[in-house]
Number of protein chains: 2
Amino acid sequence: MLSNASKYAIRAVLFLAENSSSKNKFGSKQISAALDVPQHFIAKILQKLVKSGIISSGKGPGGGFYTTPENLKKNVLDILKVIEKGDIFDECFLGLPVCGDENPCPVHDIVSKFKDALLVKFGNQDIKSFSDEVKREGTLITLKNVL
Amino acid sequence: MLSNASKYAIRAVLFLAENSSSKNKFGSKQISAALDVPQHFIAKILQKLVKSGIISSGKGPGGGFYTTPENLKKNVLDILKVIEKGDIFDECFLGLPVCGDENPCPVHDIVSKFKDALLVKFGNQDIKSFSDEVKREGTLITLKNVL
DNA sequence: AAAATAAAAGACAAATTAGTCTTTTATTAC
DNA sequence: GTAATAAAAGACTAATTTGTCTTTTATTTT
Ligand code: SF4
Ligand code: SF4
């Protein structure tokens, strides 16, 4: 459903939302190590996110990627819009050319409920709120220190 | 989530379950036309399904692919086992190395509910029952004659 | 037996996704 | 100003998925 690029992007943004600030930046190397994802791959993804205003960056010594309060007003769907080509919520689970309540496929009920729930989760709260929720509930964006 | 190969496979098996019999076989060309999928691609998929006993086939004039009552005792998960490499239900939606109730990711609740529902739909009834349900409920495996 | 038909098998080609590596540019520290 | 640092940019490679094409084999019809 999600490409690796999108998965890495979401986790990286959540990582920065929880840990970074304009005074505390993280290089692509640190992020790569923290999330256990390929460094140069995540670097390119982070650059796209900077361009679209979802995160911020600074060059040179002490530089790196970070999030501002302004950045944190974006939501997860904004991330997907930047990374993913089409709209993943438009694709038919069984490969029919269009997807909707008219002309439902045999798994329509199950899939559309899932899509709706995800859409709420990803679209109805900003990154700040999502990140707070992750912290509060103790869900994980890396298993680096767990496994 | 599912590869094109799996999507085509599921739809092709449901098509044969509803329309075929040992007396009424369908060539890869007919199936390709009915479902609007690439002929030679679906042909190779169908061959795998024959090999694993999910459908049957006959060569020569009047030959083609079809399902027997024995074939129809398989379920959709059996199809996925043949076509898909790993277990799609084991992958983490956000790309964590393992997936489970311990160490949940931020979308665990939503995703695991979806996976459970799919697992029931795909695993707890055979193709015969699934196909009957599709016919009864009028859900679609092609939009060829609809759009 | 010969011709026609259709699956089986497998070699290829194209497209997408994933990942790596190098060069350039901007910033900071000295 | 020079050196060090780290993002930005982009070329490049590898892997996977998707799709096509050709040849072979089995079956049926005449
Ligand atoms: S499950 Fe329903 S919503 Fe999803 S692709 Fe099929 S028809 Fe569309
Ligand atoms: S959502 Fe839960 S079950 Fe799904 S991958 Fe994440 S941790 Fe695993």
Side-chain angles (χ1 to χ4, degrees), chain A residues 1-12 16 20 22-67 71 80 82-86 88 91 95, chain B residues 1-12 16 20 22-33 35-67 71 80 82-86 88 91 95 97:
Chain A
M1 185 140 227
L2 296 185
S3 64
N4 281 1
S6 290
K7 293 174 182 175
Y8 297 165
I10 294 172
R11 289 167 58 204
L16 291 175
S20 79
S22 60
K23 304 243 171 294
N24 193 20
K25 302 168 187 170
F26 290 83
S28 61
K29 200 166 184 175
Q30 291 174 283
I31 296 172
S32 149
L35 302 182
D36 204 24
V37 300
Q39 182 186 350
H40 297 288
F41 194 30
I42 192 69
K44 284 213 307 191
I45 293 166
L46 291 166
Q47 284 165 25
K48 277 192 193 179
L49 295 172
V50 170
K51 253 193 204 164
S52 58
I54 294 169
I55 63 176
S56 304
S57 70
K59 287 183 176 182
F65 299 93
Y66 63 100
T67 48
N71 291 145
L80 296 181
V82 171
I83 307 297
E84 213 79 25
K85 291 195 175 174
I88 62 164
E91 295 163 7
Chain B
M1 186 139 224
L2 295 184
S3 64
N4 281 359
S6 291
K7 294 173 182 177
Y8 298 165
I10 293 172
R11 291 167 57 204
L16 291 175
S20 80
S22 60
K23 304 244 171 295
N24 192 21
K25 301 169 188 171
F26 290 83
S28 60
K29 200 167 183 174
Q30 291 173 283
I31 296 173
S32 149
L35 301 182
D36 202 24
V37 300
Q39 180 186 351
H40 298 287
F41 194 30
I42 193 69
K44 284 211 311 190
I45 294 166
L46 291 166
Q47 284 166 25
K48 278 193 192 177
L49 294 172
V50 170
K51 252 193 203 164
S52 59
I54 295 169
I55 62 177
S56 303
S57 70
K59 287 182 178 183
F65 300 93
Y66 62 100
T67 48
N71 291 144
L80 296 182
V82 170
I83 307 295
E84 214 78 26
K85 292 200 170 168
I88 64 163
E91 295 163 6

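The structure presented is a predicted model; accordingly, all values stated were derived computationally and were not measured. Letters A, B, ... mirror the listed sequences (proteins, then strands); counts begin at 1.
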From CZ of B/F41 over to P of C/dA14, roughly how many Å is that when rounded to an integer?
17 Å
Could you pull out the closest heavy-atom pair between A/R11 and A/V37, with the gap in Å?
NH1-CG1, 4.1 Å
If the cut-off is 4.0 Å, is B/Y8 near the phosphate of D/dG19, judged by side-chain N/O to OP1 or OP2?
yes
Between D/dA9 (C1') and A/H40 (NE2): distance, integer Å
14 Å
If every non-hydrogen atom of B/S32 is compared with every non-hydrogen atom of B/P38, which pair is closest and at what distance?
OG-C, 4.2 Å
Rounded to whole Å, NZ of A/K29 lies from C1' of C/dT20 at a distance of 15 Å
Taking OP1 and OP2 of C/dG19, is either one under 4.0 Å from a side-chain nitrogen or oxygen of A/N4?
yes
Grab the CD1-P distance between B/I42 and C/dA9 for me, whole Å please.
17 Å
Between atom CG in A/L35 and atom P in C/dG19, what is the gap in whole Å?
14 Å
Once hydrogens and angles are ignored, does a donor-acceptor distance under 3.5 Å link the base of D/dA7 to the side chain of A/Q47?
no
Keeping A/S20 on the side-chain end and A/T67 on the backbone end, is there a donor-acceptor pair under 3.5 Å?
yes
What is the separation between atom NZ on A/K7 and atom C1' on C/dG19, rounded to the nearest whole Å?
15 Å
Under 4.0 Å between a side-chain N or O of B/K85 and OP1 or OP2 of D/dT16?
no
Note: for A/Q39 and A/P61 on DNA chain C, the residue whose nearest nucleotide lies more 5' is A/Q39
Using whole Å, what does the distance between atom C1' of nucleotide C/dA6 and atom CD1 of B/I31 come to?
12 Å
Expressed as a whole number of angstroms, how long is the span from A/K51:NZ to D/dA8:C1'?
8 Å
DNA chain D: 5'-proximal contact among B/K44 and B/K59 (nearest heavy atom):
B/K44
Are OP1 or OP2 of D/dA7 and a side-chain N or O of A/S28 less than 4.0 angstrom apart?
yes
Quick one: closest heavy-atom pair of A/Q39 and A/S28, and the distance?
NE2-OG, 3.5 Å
Identify the heavy atoms of A/E84 and A/M1 that sit nearest to each other, and give their distance.
OE2-O, 4.2 Å
Residue-phosphate contact under 4.0 Å: B/S57 side-chain N/O, C/dA8 OP1/OP2
yes
